[in-house]
Amino acid sequence: MRSDGASILAAARDLEGEIARTLSALIRIRTPSCGEGEGIAYVEARMREIGFDEVRLDAMGNLVGRIGAGPVSIAYDAHIDAVDVTDGPLWAHPPYAGVIEGGWVHGRGACDQKGAIAGLLAAARIMRDRGAAEGCAVYVVISVQEEECEGLCWRHLIEEEGLRPDAVVLTEPSELKVARGQKGKVQMVVETRGVSSHGSAPGLGVNAVYAMAPIVSAIERLHASLRPSPPLGAGSVAVSRIESDAPSLCSVPDGCRIYLDRRLTRGETPESALDEVRGIAAPHGGRVSVQRYEKPGWRGLVRGMDLVYPSWLTPRDSPLVAAGLAAYRDLFDRKGETVVWDFSTNGTATAGIHAIPTIGIGPGDPRGAHLRDERVSLRQCVEAAALYAAIPARFVRGEGR
């Protein structure tokens with residue numbers, strides 16, 4: 001039977017304790033990129049206990065569970081990898097303890113984005129028990145390697161595994177607002193070469209760092225010149241790392257590299273961004289290239305890609321956006337909000353490359369991701385579970401269009 005918003009919300013609230021325990025357990029399992037295996041095994045066991053109709057691992061290590069077999073397909077994506085902790089003694093709670101206190105669950109990955117995984121598992125239980133996804137095949141994808149290479153997991157799922165749903169709901173933190181797009185990104189390397197000499201005779205060499213200095217200054221000016229394009233805002237560029245090569249600390253460096261994080265708004269492309277930087281670097285002998293990602297995942301598969309991520313924007317009047325807003329209204333008896341994300345997500349593959357309608361809804365404040373004392377509101381995790389359970393039927397019925 002189909003369930004109305006009030007009954008779905010009540011069912012989610014009944015599962016609050018289960019959601020809290022699941023999230024706490026997930027936080028206690030460290031899941032760095034390319035080391036997610038133990039966390040995947042935990043979620044796989046939970047999927048089987050809940051009674052998913054299908055549970056499988058792909059070659060890359062993504063976990064795919066399915067509820068229902070209707071003609072319309074919708075996929076929820078939650079990455080299980082979390083960034084590392086380098087300042088653990090400074091945390092108010094141990095970062096891998098999964099402390100539940102005062103309505104919050106504390107620890108690394110709580111906000112980004114294990115709270116969403118706990119909510120998705122509860123939503124799957126509701127959909128299974130109450131028939132809330134009638135007419136739909138709902139896929140729950142617990143994806144890997146997102147923190148190091150956004151979209152790689154979904155490129156593999158679509159291009160190699162043949163999973164191409166009618167719609168995708170990302171579960172990155174959005175404070176339960178409907179996110180409908182993000183800026184793109186291209187990660188570049190600029191290299192200058194020089195000639196080494198003894199540090200006591202720098203005039204005999206050519207200092208590669210000095211050659212890089214005017215390029216760095218020009219990059220700073222480029223950032224200030226970038227103009228906004230609503231609704232994504234202005235693009236940006238930042239020098240994120242600088243390295244040099246020299247035979248010793250008493251030698252003139254003969255090599256220097258800077259790494260650039262270039263965010264792309266509407267109207268900007270990876271090609272246009274690369275051309276901008278090439279125009280800056282070339283007069284100083286600088287060479288520009290795109291960074292490439294190639295690392296074995298937790299199952300050993302190496303799938304590489306250039307670090308180029310298109311922007312994407314789902315129209316405000318999209319049926320998927322309408323379904324998300326209708327679910328929010330029905331559950332909470334108030335109007336939902338739409339936003340765009342400042343950061344990059346797996347939507348760069350689902351929407352940006354493969355043009356699958358995509359939105360995002362997740363518990364947690366996006367500004368809390370990757371920070372010390374990361375935490376997520378348990379109430380928002382519960383409400384996210386209700387939203388995830390309510391969206392598929394509304395998408396199938398076209399409510400709110």
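Note that the structure is a prediction, hence the values are computed from the model and not measured.
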K.L.:
Any ring-ring contact (aromatic ring centres under 6.0 Å, His included) pairs touching residues 328-362, not counting sequence neighbours?
P.N.:
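ring-ring contact (aromatic ring centres under 6.0 Å, His included) check on residues 328-362 returns Tyr328-Phe332, Trp341-Phe343.
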
K.L.:
Within a reach of under 6.0 Å around CZ of Arg367, are more than 12 heavy atoms found that belong to other residues, nucleotides or ligands?
P.N.:
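Atom CZ in Arg367 is not packed in, count stays at 12 or less.
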
K.L.:
So, Glu374 side chain and Ala110 main chain: donor-acceptor pair closer than 3.5 Å or not?
P.N.:
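Checked: pair present.
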
K.L.:
Please report the C-alpha distance between Asp275 and Ser272 in whole Å, then the side-chain angles of each, then the deciding distance to 0.1 Å, and finally whether the side-chain hydrogen bond (donor to acceptor under 3.5 Å, both in side chains) criterion is met.
P.N.:
CA-CA 5 Å; Asp275 285 344; Ser272 68; over 6 Å; no

K.L.:
Just do the side chain to side chain contact (heavy atoms under 4.5 Å, CB included) check on Cys256 and Ile242 with the steps written out, would you?
P.N.:
CA-CA 7 Å; Cys256 184; Ile242 186 166; 4.1 Å; yes

K.L.:
Do Arg56 and Glu54 sit within salt-bridge range, that is, some charged N less than 4.0 Å from a carboxylate O?
P.N.:
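Counted as a salt bridge, because a side-chain N and a carboxylate O are separated by less than 4.0 Å.
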
K.L.:
When you measure from the side chain of Gln113 to the backbone of His79, do you find a donor-acceptor pair of N or O atoms at a distance under 3.5 Å?
P.N.:
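Yes.
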
K.L.:
Regarding Thr22 and Arg46, is there a side-chain donor-to-acceptor distance under 3.5 Å anywhere?
P.N.:
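A donor-acceptor contact under 3.5 Å links the two side chains.
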
K.L.:
So which heavy atom on Ile356 is nearest to which on Pro165, and how close?
P.N.:
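Reported closest heavy-atom pair: CG2-O, 3.5 Å.
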
K.L.:
Applying ring pair (Phe, Tyr, Trp, His ring centres under 6.0 Å), run through Tyr76 and Tyr139 and close with a yes or a no.
P.N.:
CA-CA 6 Å; Tyr76 290 93; Tyr139 293 89; over 10 Å; no

K.L.:
Holding to salt bridge (charged side-chain N to carboxylate O under 4.0 Å, His left out), I want the full list of residues that pass it with Glu271, two or more places apart in sequence or in another chain.
P.N.:
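Per chain and number, Glu271 pairs via salt bridge (charged side-chain N to carboxylate O under 4.0 Å, His left out) with no residue.
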
K.L.:
Please evaluate residues Val376 and Leu23 with respect to the criterion side chain to side chain contact (heavy atoms under 4.5 Å, CB included), reporting the C-alpha separation (whole Å), side-chain torsions for both, the decisive distance (0.1 Å), and the verdict.
P.N.:
CA-CA 10 Å; Val376 71; Leu23 176 51; 3.6 Å; yes

K.L.:
Please determine whether a side-chain nitrogen of the Lys or Arg among Arg375 and Asp373 lies less than 4.0 Å from a carboxylate oxygen of the Asp or Glu.
P.N.:
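Salt bridge between Arg375 and Asp373, a charged N being under 4.0 Å from a carboxylate O: no.
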
K.L.:
Please determine whether salt bridge (charged side-chain N to carboxylate O under 4.0 Å, His left out) holds for the pair Glu18 and Arg125, giving the CA-CA distance in whole Å, both sets of side-chain angles, and the decisive distance to 0.1 Å.
P.N.:
CA-CA 11 Å; Glu18 179 178 309; Arg125 190 182 292 280; 3.0 Å; yes

K.L.:
Does NZ or CZ of Arg66 come closer than 6.0 Å to the centre of the six-membered ring of Phe52, within 45° of the ring's axis?
P.N.:
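Geometry flag: not set, cation outside 6.0 Å or 45°.
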
K.L.:
Would a distance-only check, ignoring hydrogens and angles, find a side-chain to backbone donor-acceptor pair under 3.5 Å from Arg108 to Leu371?
P.N.:
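Checked: pair present.
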
K.L.:
Mind listing the closest non-hydrogen atom pair of Ala390 and Arg394 along with its distance?
P.N.:
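Closest pair (atom of Ala390, atom of Arg394, distance): O-NH1, 3.0 Å.
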
K.L.:
Any ion pair linking Glu268 and Arg262 (charged N to carboxylate O, less than 4.0 Å)?
P.N.:
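Yes, charged N to carboxylate O under 4.0 Å.
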
K.L.:
Tell me whether Ser229 contacts the main-chain N or O of Gly233 through its side chain, where contact means a donor paired with an acceptor under 3.5 Å.
P.N.:
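No.
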
K.L.:
Taking atom types as modelled, find out whether Asp254 and Ser196 have a side-chain donor-acceptor pair closer than 3.5 angstrom.
P.N.:
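Checked: Asp254/Ser196 side chains show no N/O donor-acceptor pair below 3.5 Å.
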
K.L.:
Take a 6.0 Å sphere around CZ of Arg316 and say whether it holds more than 12 heavy atoms from other residues, nucleotides or ligands.
P.N.:
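Counting neighbours around CZ of Arg316, 12 or fewer heavy atoms of other residues, nucleotides or ligands fall under 6.0 Å, so no.
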
K.L.:
Taking it one step at a time, do Arg299 and Leu57 satisfy side chain to side chain contact (heavy atoms under 4.5 Å, CB included)?
P.N.:
CA-CA 10 Å; Arg299 299 196 80 189; Leu57 281 173; 3.7 Å; yes

K.L.:
So does Leu90 have more than 12 non-hydrogen atoms from other groups sitting under 6.0 Å from CG?
P.N.:
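Above 12, so yes.
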
K.L.:
Are side-chain N/O atoms of Thr345 and Gln182 paired as donor and acceptor at under 3.5 Å?
P.N.:
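On atom types as modelled, these side chains qualify, holding a pair under 3.5 Å.
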
K.L.:
When you look at CZ of Arg193, are more than 12 heavy atoms from neighbouring residues, nucleotides or ligands closer to it than 6.0 Å?
P.N.:
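Buried by this count: over 12 neighbours within 6.0 Å.
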
K.L.:
Over all heavy atoms of both residues, which pair between Arg227 and Thr265 is shortest? Give the atoms and the distance, please.
P.N.:
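Shortest heavy-atom contact: O-CG2, 4.3 Å.
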
K.L.:
The criterion is salt bridge (charged side-chain N to carboxylate O under 4.0 Å, His left out); which residues satisfy it with Arg303, sequence neighbours excluded?
P.N.:
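Testing Arg303 for salt bridge (charged side-chain N to carboxylate O under 4.0 Å, His left out), a comparison that skips the adjacent residues, returns Glu159, Glu160.
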
K.L.:
Quick one: closest heavy-atom pair of Ala281 and Val190, and the distance?
P.N.:
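Heavy-atom minimum between the residues: CB-CG1, 3.9 Å.
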
K.L.:
Mark yes or no for whether Thr31, through its side chain, and Ile80, through its backbone, hold a donor-acceptor pair below 3.5 Å.
P.N.:
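Yes, Thr31 side chain to Ile80 backbone: donor-acceptor pair under 3.5 Å.
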
K.L.:
Over all heavy atoms of both residues, which pair between Asn207 and Val209 is shortest? Give the atoms and the distance, please.
P.N.:
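Here Asn207 and Val209 meet closest at OD1-N, 2.8 Å.
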
K.L.:
Under 6.0 Å from the OH atom of Tyr293, do we count more than 12 heavy atoms belonging to anything else shown?
P.N.:
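Correct, the count exceeds 12.
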
K.L.:
Side chains of Ser143 and Asp77: do they bring a donor and an acceptor to under 3.5 Å?
P.N.:
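The criterion, which ignores hydrogens and geometry beyond distance, is satisfied for Asp77 and Ser143.
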
K.L.:
Which atom pair, heavy atoms only, marks the closest approach of Gly115 to Pro363?
P.N.:
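For Gly115 and Pro363, the tightest heavy-atom pair comes out as C-CG, 4.0 Å.
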
K.L.:
For the pair His284 (side chain) and Gly286 (backbone), establish whether a donor and an acceptor sit closer than 3.5 Å, ignoring hydrogens and angles.
P.N.:
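Not confirmed, His284 side chain does not pair with Gly286 backbone.
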
K.L.:
Please check if atom CG in Asp87 has more than 12 non-hydrogen atoms from other residues, nucleotides or ligands closer than 6.0 Å.
P.N.:
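Correct, the count exceeds 12.
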
